[in-house]
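Structure first, commentary second.
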There are 2 protein chains.
Amino acid sequence: MIRTTTTMPNCKDCPIRHNAVCSKCEGDELRKLEEIKYYRSYDAGQPILWRGDPLDHVASLIEGVATISQSMEDGRTQMVGLLLPSDFIGRPGRGVAPFDVTAITDVKVCCFRRKPFEQLVQSTPNISNRLLEMSMDELDAAREWMLLLGRKTAREKIASLLVLIARRMSPKRGAQVPSHTEFNLPLTREAMSNYLGLTLETVSRQLSQLKSDGLIELSGQRGVVVPDLGLLISETGETWDAALA
Amino acid sequence: MIRTTTTMPNCKDCPIRHNAVCSKCEGDELRKLEEIKYYRSYDAGQPILWRGDPLDHVASLIEGVATISQSMEDGRTQMVGLLLPSDFIGRPGRGVAPFDVTAITDVKVCCFRRKPFEQLVQSTPNISNRLLEMSMDELDAAREWMLLLGRKTAREKIASLLVLIARRMSPKRGAQVPSHTEFNLPLTREAMSNYLGLTLETVSRQLSQLKSDGLIELSGQRGVVVPDLGLLISETGETWDAALA
DNA sequence: CGAGTTATTGAGGCTGGTCAAATAACGTGG
DNA sequence: CCACGTTATTTGACCAGCCTCAATAACTCG
């Protein structure tokens with residue numbers, strides 16, 4: 001179910017106000033964005049965009065988790081991005097979606113009509129500079145992920161994903177992540193496998209393996225406890241200097 | 001050998017003038033860029049940047065081919081980007097190189113001192129918008145590559161790389177690539193393996209296999225003849241791929 | 001509680017990796 | 001121009017890691 005909200009909450013109260021594409025805007029600039037925005041909600045599992053869809057808007061993810069993925073005609077699928085609150089969907093100057101985007105939890109987005117948004121990007125350095133920062137962050141993340149996909153073992157892949165989620169889901173973004181951490185996986189085993197370039201069986205086996213090695217505890221299908229994040233990090237194959245964001 | 005050129009060619013005569021980060025600038029903006037630029041050359045095989053290097057400049061690649069790569073401490077290496085003329089090296093607001101950059105042919109770059117360049121990015125939409133375009137293009141390319149790394153078979157990977165090179169090396173860029181094509185590989189087997197997430201032995205074996213299947217001919221270490229590009233494309237696993245890159 | 005979905009576990013096979021050796025191409029100096 | 005040493009590439013034998021197919025278990029939600 002897709003819903004378009006008619007009530008227009010004020011940007012001042014927006015939970016992603018200080019991280020999203022609008023984060024550097026104030027006063028008049030913010031007001032212009034406010035004029036062209038509207039909200040949409042998607043239920044878990046809903047497609048947000050299919051490759052090839054015409055794009056009449058871009059958007060910021062407000063709530064929930066979505067994935068960007070690509071697939072081959074025989075069904076092989078690779079996730080190429082994870083969208084969390086404040087992440088940006090779409091691309092100025094691009095009228096057609098190049099990838100599939102799917103809500104994996106209930107999702108709420110803040111849409112901007114594309115044409116007026118593109119004009120704002122052109123004329124507002126506070127927007128284009130923020131967008132540049134965000135896309136370069138994503139490029140760095142994509143390149144990190146290429147190392148994982150091309151060169152890491154299944155165990156290293158799983159450990160890397162868990163560490164990534166522990167960091168990104170941690171209540172205190174940016175701050176030091178505590179050694180003992182717990183979180184709920186926002187992804188099914190299948191989604192994880194598509195993210196890591198593995199099969200879901202291998203994901204399940206490696207999780208069990210990490211569990212029996214005492215590096216994690218599993219509770220239910222989604223709950224994960226990491227007693228010592230440092231130990232888990234040492235399984236990722238990374239040099240600890242890669243502690244970016 | 002790294003050389004810093006003292007003579008300052010005029011931007012008007014620059015071969016990448018209309019594709020690089022400066023492509024939207026004219027007159028005064030171009031002059032400001034010209035003030036903070038200098039040239040450097042690197043021999044084939046030379047490192048241009050090591051991860052962790054302090055960055056006092058950003059740059060545009062003028063001539064040659066370079067790679068962006070990442071490696072793990074045990075030596076596993078993954079190429080995460082290929083830099084061709086007009087591509088941009090570095091990132092405003094980033095003082096440390098996040099990846100290794102290596103010249104694989106002789107390379108010439110146009111450097112801009114970082115601090116003044118960052119100020120120009122802030123104040124010049126013609127620069128930041130172009131930079132945004134370029135980084136989004138790279139992001140799209142990285143995401144295409146993630147599908148290859150995560151989900152394609154060795155044979156599909158090799159076929160994809162050959163098709164990519166055939167397209168890019170083809171004298172007629174952009175135009176329809178002829179069905180019969182010949183080119184010289186700009187990469188060693190090892191470089192290919194690092195690009196594809198394979199071992200060099202597997203690369204060699206798959207090339208031999210494609211040869212014995214009549215899809216390609218090999219002459220010397222680098223020469224490749226593709227009698228029918230369409231047949232090779234059908235081995236890449238791609239759908240209606242074509243028009244990108 | 002029961003049907004459907006999601007996850008775990010097992011057995012066996014195949015792809016691609018590892019180790020090793022042979023061959024081919026390249027470059028240098030005589 | 002050739003001999004020789006070096007490097008790049010090919011090929012072989014073997015094997016490990018991950019995938020496939022299949023059955024069972026756990027969880028979710030009406």
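Residue numbers start from 1 in every chain, and the chains themselves are labelled A, B, ... in the order their sequence lines are given, proteins ahead of strands.
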Subject >> Nearest heavy-atom neighbours spanning B/Ser69 and B/Phe99 >> reply: O-CB, 3.7 Å

What N/O pairs connect the protein and nucleotides 16-19 of chain D at under 3.5 Å? Give each pair on its own line.
from, atom 1, to, atom 2, distance (Å)
D/dC18, OP1, A/Ala154, N, 2.8
D/dC19, OP2, A/Thr199, N, 3.3
D/dC19, OP2, A/Thr199, OG1, 3.2
D/dC19, OP2, A/Thr202, OG1, 2.5

Original post:
Nearest-Å distance, CD1 (A/Ile158) to C1' (C/dA7)?
Top reply: 13 Å

Subject >> For A/Ser234, side chain to side chain contact (heavy atoms under 4.5 Å, CB included) partners two or more places apart >> reply: none

Original post:
Between A/Thr105 and A/Val65, which heavy-atom pair has the shortest distance, and what is it?
Top reply: OG1-N, 2.9 Å

Original post:
When all nucleic acid strands are considered with a 4.0 Å heavy-atom cut-off, which category describes B/Ser204: base, sugar-phosphate, or nothing?
Top reply: base

Subject >> Carboxylate-amine/guanidinium contact B/Glu235 B/Lys152, below 4.0 Å >> reply: no

Original post:
Any idea how A/His57 and A/Tyr38 line up, ring-wise: parallel (<30°), tilted (30 to 60°), or perpendicular (>60°)?
Top reply: perpendicular

Original post:
Taking atom C1' of C/dT18 as reference, at what distance in whole Å does atom CG of B/Asp74 sit?
Top reply: 14 Å

**OP:** Note the angle between the end axes of the helix from C/dC1-D/dG30 to C/dG30-D/dC1, five pairs defining each, rounded to 10 degrees.
**Re:** 50°

Original post:
Could you state the CD-C1' distance from B/Glu201 to C/dG16, rounded to the nearest angstrom?
Top reply: 10 Å

**OP:** Could you state the atom-to-atom distance from CD1 of A/Ile104 to C1' of C/dT5 in whole Å?
**Re:** 17 Å

Subject >> side chain to side chain donor-acceptor pair (under 3.5 Å) partners for B/Arg40, two or more places apart >> reply: B/Thr4

Subject >> Short side-chain to backbone donor-acceptor contact, B/Lys108 and B/Gly64, under 3.5 Å >> reply: no

Original post:
Counting N and O atoms only, with roles assigned by atom type, does the side chain of A/Glu156 sit under 3.5 Å from a partner on the main chain of A/Thr153, one being a donor and the other an acceptor?
Top reply: yes

Original post:
Charged N to carboxylate O under 4.0 angstrom, A/Asp137 versus B/Arg94?
Top reply: no

Original post:
Which pairs, with at least one residue in residues 214-225 of chain B and sequence neighbours excluded, count as a side-chain hydrogen bond (donor to acceptor under 3.5 Å, both in side chains)?
Top reply: none

Original post:
Taking CZ from B/Arg76 and C1' from C/dT18, how many angstroms apart are they, rounded to a whole number?
Top reply: 14 Å

**OP:** Specify the separation, in whole Å, of atom CG of A/Leu207 and atom C1' of C/dT8.
**Re:** 11 Å

**OP:** Please state how far atom CZ in A/Arg189 lies from atom P in D/dT28, giving the value in whole angstrom units.
**Re:** 12 Å

**OP:** Using atom NZ of B/Lys211 as one end and atom P of D/dT10 as the other, report the distance to the nearest whole Å.
**Re:** 8 Å

Original post:
How about B/Glu201: does its CD atom have over 12 heavy atoms from other parts shown lying under 6.0 Å from it?
Top reply: yes

Using nucleotides 21-27 of chain C, report all nitrogen or oxygen pairs with the protein that are shorter than 3.5 Å.
none

